[in-house]
Amino acid sequence: ASPMRTMTLQRLCAEYAAHAARYYVRADKSQSGEAANIRSTLRFLLERIGGHTAIDKLHRRDIIDFVQAGIRDHDWTRGYANAQLRRVKHMLRWAVEDREVLTHETVAPLLNAPTVQPIRGGAREADQRHVPPLSEAWRVMRRMPREHREVLTIIAMTGARLGEIIDLRVADVAAAHLRVAQHKNAHRGHARLLPIAGEAEASVRRRVVNAGYVPGARRFPPMRMGGVNRSKNRLRVAMARACQAEGVRLFSPHALRHSVAREVRQAFGLDAAQALLGHTPAAMTSHYAPVPAESGRMAAAAIADRFARLSRA
């Protein structure tokens with residue numbers, strides 16, 4: 001029998017989960033969050049369709065029903081539902097192109113399962129993330145304990161992700177930037193250099209001194225004895241209290257990354273924001289920093305002025 005005919009969904013999921021565990025790893029060889037996300041997706045896929053189902057017996061409708069069940073039974077948002085669908089399609093492409101246990105003809109109908117569309121797709125939209133202006137963020141950060149304030153200051157001045165900062169080691173500090181080893185695309189071999197200046201650089205240098213210049217030491221060590229790393233939850237709790245005390249709408253540490261992107265794009269353009277955030281596609285930067293509404297109004301005013309001058313001429 002050919003591999004295609006003997007391949008069950010359970011076997012394919014098990015092989016792909018093992019591949020994800022090896023592929024999605026950080027610089028220290030620990031698994032990234034995507035490996036866990038894939039395992040969660042595959043568990044739900046097996047629950048919905050059944051592990052003993054042969055791959056060549058799957059239909060496009062089965063994949064659509066898998067997504068709709070998540071929306072109906074687990075209140076998936078549209079973005080989350082499409083992310084789950086992408087992971088399943090990635091597995092099918094991997095089985096054809098890398099593993100070569102399926103044929104293009106087998107998976108082509110499954111890959112044509114449509115993404116969930118706005119409004120008519122039946123899934124709710126995710127709550128809009130509150131992105132504070134940096135002036136508002138500074139007010140909140142001033143109310144936080146120093147051990148948290150230092151982390152957020154670096155994020156607010158560099159646009160880094162929270163995990164990138166709390167995982168930094170002394171050896172990651174270079175002349176005018178940080179070599180971020182534990183970042184989102186590390187498994188793809190992408191380098192991430194984070195420029196630092198001003199208070200962010202001063203904070204980094206202080207932390208290096210405190211760590212005794214030991215290359216492997218964490219710059220932001222755990223805040224409890226025996227801790228593996230710094231708790232993100234403790235920081236979020238402190239941020240929630242500071243937001244309440246300052247009387248501003250709650251925002252997350254990741255929202256600071258959006259705040260920085262918007263400020264930089266408005267002041268220096270899309271290319272500068274893309275370089276600072278470390279994005280490869282400019283479209284991702286545009287997601288973080290949409291075109292400011294003021295740009296359209298300024299353009300309209302400039303065109304109106306141009307026509308007025310032409311009319312007078």
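Fair warning: this is a prediction, and the values are worked out from it, not measured in the lab.
- Not less than 6.0 angstrom separates the ring centroid of His90 from the ring centroid of Tyr16.
- A donor and an acceptor atom, one from each side chain of Thr153 and Glu199, are nowhere located under 3.5 Å apart.
- The heavy-atom pair separating Ala160 from Ile165 by the smallest distance is CB-CD1, 3.6 Å.
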Could you give me the CA-CA distance, side-chain angles and deciding distance for Gln117 and Thr115, then say whether side chain to side chain donor-acceptor pair (under 3.5 Å) is met? CA-CA 6 Å; Gln117 298 300 308; Thr115 58; 2.9 Å; yes
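- Note on ring orientation: taking the six-membered ring where Trp is involved, the planes of Trp76 and Tyr80 are perpendicular (angle over 60°, cut-offs 30° and 60°).
- Distance alone, capped at 3.5 Å, places no donor-acceptor pair between the Asp73 side chain and the Gly70 backbone.
- In this structure the side chain of Gln274 never reaches within 4.5 angstrom of the side chain of Thr280, judged on heavy atoms.
- Ring geometry, Phe66 versus Phe44: the interplanar angle falls from 30° to 60°, so the pair is classed tilted.
- With hydrogens and angles ignored, the 3.5 Å screen pairs no side-chain donor or acceptor of Glu263 with any backbone N or O of Val260.
- Of the charged side-chain nitrogens involved, none lies within less than 4.0 Å of a carboxylate oxygen, so that Arg48 and Asp65 do not count as a salt-bridged pair.
- By the 4.0 Å N-to-carboxylate-O rule, Arg142 lies too far from Glu246 to be salt-bridged with it.
- Looking only at distances, no side-chain donor or acceptor of Ser40 sits under 3.5 Å from a matching main-chain atom of Ala36.
- A salt bridge links Glu15 to Arg11: one of the charged nitrogens lies within less than 4.0 Å of a carboxylate oxygen.
- Nearest approach of Ser203 to Ile154, heavy atoms of both residues: OG-CD1, 4.0 Å.
- For the pair Arg257 and Tyr288, the cation sits on the ring face: its NZ or CZ lies under 6.0 Å from the ring centre, inside 45° of the axis.
- Using a cut-off of 4.0 Å between Lys/Arg side-chain N and Asp/Glu carboxylate O, Glu136 and Arg249 are scored as not salt-bridged.
- A donor-acceptor contact shorter than 3.5 Å is absent between the side chain of Arg124 and the backbone of Thr77.
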